[in-house]
Amino acid sequence: MSYTMRVLKETKEKNPGQPEFHQTLTEILPTLQPYLDEHQECEEAGILERIVEPERQVIFRVPWVDGSGKVQVNRGYRVQFNSAIGPYKGGIRFHPSVTLDTIKFLGFEQIFKNSLTGLPIGGGKGGSDFDPKGKSDREVMAFCQSFMNELYRHIGADTDVPAGDIGVGAREIGYVYGQYKKITGLVNGTFTGKALCYGGSLVRKEATGYGLVYFAEQMLASLKTTFEGKRVVVSGSGNVAIYAAEKAAQLGAKVLTFSDSNGYILDPAGVDIETVKLIKEKQRGRISEYVHHCKGAEYFDKGIVWQVPCDVALPCATQNEINEEHAKALIKNNCLAVAEGSNMSTTLDAVEQFQKSGILYAPGKAANAGGVAVSALEMAQNSSRFFWSFEEVDKKLQGIMQSIYRQVSDTAEHYATKNDLVAGANIGGFIKVCEVMLLQGVI
Ligand code: NDP
Ligand code: 2IT
């Protein structure tokens with residue numbers, strides 16, 4: 001049995017009941033074999049056995065009192081997966097579906113993604129099964145403060161720097177940062193995604209979505225085409241979806257859809273992004289409300305956006321939102337490219353369909369790395385006490401996404417096939433972490 005298949009088998013056995021973690025292991029490990037064949041020293045140093053085991057995992061009680069005076073208890077997590085190339089870095093997710101499994105899959109992906117950015121950040125992820133939906137600001141604040149009452153002792157500007165993810169935006173970052181400051185007395189860059197008025201970076205809010213489209217632009221360029229006139233289908237209607245749609249529209253595409261966990265809207269005239277921002281960012285409403293603002297748009301509470309014929313598909317909601325049947329529908333409708341805004345948007349059988357069909361497909365760890373890349377730029381600005389302009393950060397983001405694309409496609413060509421961006425992203429992200437783990441000894 002090959003080194004990668006042996007470690008895959010052993011790691012699955014050692015971590016039963018973690019299907020999402022198993023899925024990311026199954027997607028990543030086998031693709032590393034060609035590189036490991038050329039570098040026997042990795043097996044001797046037990047690199048894979050070490051990389052699949054988090055350096056540290058913290059699970060903690062989060063008690064808080066809701067608006068009616070009732071005590072609520074949630075569970076908090078921080079998985080500090082790998083610090084070879086820098087402090088642990090990765091978002092926190094607040095969603096009722098969050099388990100240790102979710103945080104481990106996200107943390108594992110984050111190691112490779114952060115390495116691909118070329119910036120000095122290790123991999124980590126955290127979160128809670130808390131559901132911010134339908135909670136008052138006071139309830140969200142009470143939860144965030146309790147969450148930080150434990151998490152503060154595990155994080156820091158030079159050790160572990162959390163940020164947003166599903167259910168965690170500027171409001172939540174403000175509350176957790178405020179409590180961190182209150183407990184520790186430190187005013188520093190321990191969080192990214194902060195509001196601009198207290199140390200945030202311009203373009204961080206837009207970064208994941210814009211970065212996704214900059215990456216997809218490179219994919220389209222490899223087909224000698226552009227976003228101009230393309231029909232784009234977007235899922236989700238949160239931070240990543242909104243700014244992916246905004247940038248695609250700026251590049252001349254027509255964005256047809258947005259969705260949430262209840263249904264989706266289709267606007268044949270092209271979605272009005274400002275209306276979506278009003279509903280989601282200001283009113284914290286549901287995407288179904290869009291049809292009350294824009295005539296000609298339709299809301300569907302059945303079906304899924306992937307049935308809508310398109311040239312480019314940008315999944316921006318959550319993991320496993322594209323299954324085999326959805327992949328077949330996209331292929332049948334002659335979609336040119338699928339680029340993941342969400343982490344592990346696509347099931348393993350759907351990835352197989354994409355790879356068989358020849359449709360261009362980019363995994364999230366490459367295509368959505370713009371968010372964490374600008375987080376690292378926020379860290380740089382915080383520690384230098386400088387503040388860069390929107391244009392400066394946006395230009396750096398474009399450069400980073402172009403360089404990730406080049407790195408991923410060159411690595412794919414060398415170790416697999418030219419368009420195998422899955423192998424390219426996995427090996428490309430792995431190489432630096434592996435080299436540093438070799439240099440730093442068995443720790
Ligand atoms: P938000 O919370 O802002 O938005 C999430 C969107 O996805 C909402 O429309 C939500 O709908 C939908 N969604 C979430 N969970 C589910 C589910 N289980 N089923 C159906 N729809 C769901 O999160 P983000 O936009 O920040 O994150 C979206 C994705 O992008 C995630 O996979 C995240 O890991 C990834 N990502 C985020 C980055 C960032 O910088 N924020 C960086 C890189 C990746 P509803 O309101 O109904 O729940
Ligand atoms: O999945 C991700 O890369 C994020 N949620 C962003 C992480 C970060 O630290 O900005």
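First listed ligand is number 1; within each ligand, the first listed atom is number 1. When a residue number appears, it is its place in the shown sequence, counting from 1. We use all heavy atoms of the structure for the numbers below, so side chains are in, but hydrogens, waters and symmetry mates are not. Keep in mind the model is a prediction, meaning the values are calculated, not measured.
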If you compare all heavy atoms of Phe81 against all heavy atoms of Ile51, which two are closest, and at what distance to 0.1 Å?
CE2-O, 3.4 Å
What I want to find out is whether Glu27 reaches Lys365 closely enough, with some N-O distance under 4.0 Å, to be called a salt bridge.
yes
Should Val161 be counted as touching ligand 2, given the test is an N or O pair under 3.5 Å?
no
Determine, for Phe105 and Lys125, whether the Lys NZ or Arg CZ falls below 6.0 Å from the six-membered ring centre while staying within 45 degrees of the axis.
no
For Val73 and Arg61, work out which heavy atoms get closest and say how close.
CG1-CG, 3.7 Å
Within the 4.0 Å heavy-atom sphere of ligand 1, strictly under, residues:
Arg93, His95, Lys113, Lys133, Asp165, Ile166, Gly167, Arg204, Thr208, Gly236, Ser237, Gly238, Asn239, Val240, Ser259, Asp260, Ser261, Arg286, Cys316, Ala317, Thr318, Gly341, Ser342, Asn343, Asn368
heavy-atom search around atom 10 (O) of ligand 2 in the protein gives Ser375 OG, 2.5 Å
Report yes or no: does His292 contribute a side-chain atom to a donor-acceptor pair with the main-chain N or O of Glu289 at less than 3.5 Å?
no
Once you restrict to heavy atoms under 4.0 Å, what part of Arg204 touches ligand 2? Side chain, backbone, both or neither.
side chain
Contact check, side chains of Phe108 and Asn82, non-hydrogen atoms, under 4.5 Å:
no
Measure up the Phe143 and Trp64 rings against each other and bin them: parallel (under 30°), tilted (30 to 60°), perpendicular (over 60°).
perpendicular
Which of the atoms in ligand 2, numbered in the order shown and given with their element, are less than 4.0 Å from a heavy-atom of Lys113?
1 (O), 2 (C), 3 (O)
Going by the rule side chain to side chain donor-acceptor pair (under 3.5 Å), which residues pair with Lys113 if we only count those two or more places apart in sequence or in a different chain?
Asn343, Asn368
Are Phe130 and Phe147 close enough that their ring centers fall under 6.0 Å?
no
Short list, please: which atoms of ligand 2 are under 4.0 Å from a heavy atom of Ala163?
8 (C), 9 (O), 10 (O)
Looking at Glu53 and Arg50, does any basic side-chain N land under 4.0 Å from a carboxylate oxygen?
no
Ring centers of Tyr180, Tyr152 separated by less than 6.0 Å
no
Just heavy atoms, cut-off under 4.0 Å: does Thr208 contact ligand 2 by side chain, backbone, both, or neither?
neither
Do me a favour and list the nearest non-hydrogen protein atom to atom 9 (O) of ligand 2 with residue, atom name and distance?
Lys89 NZ, 2.6 Å
For atom 7 (C) of ligand 2, what is the closest protein heavy atom, and at what distance to 0.1 Å?
Gly91 N, 3.5 Å
Can you tell me which residue and heavy atom of the protein come closest to atom 4 (C) of ligand 2, and the distance to 0.1 Å?
Lys125 NZ, 3.7 Å
Touching ligand 2 at all, Ala369? Heavy atoms, strictly under 4.0 Å?
no
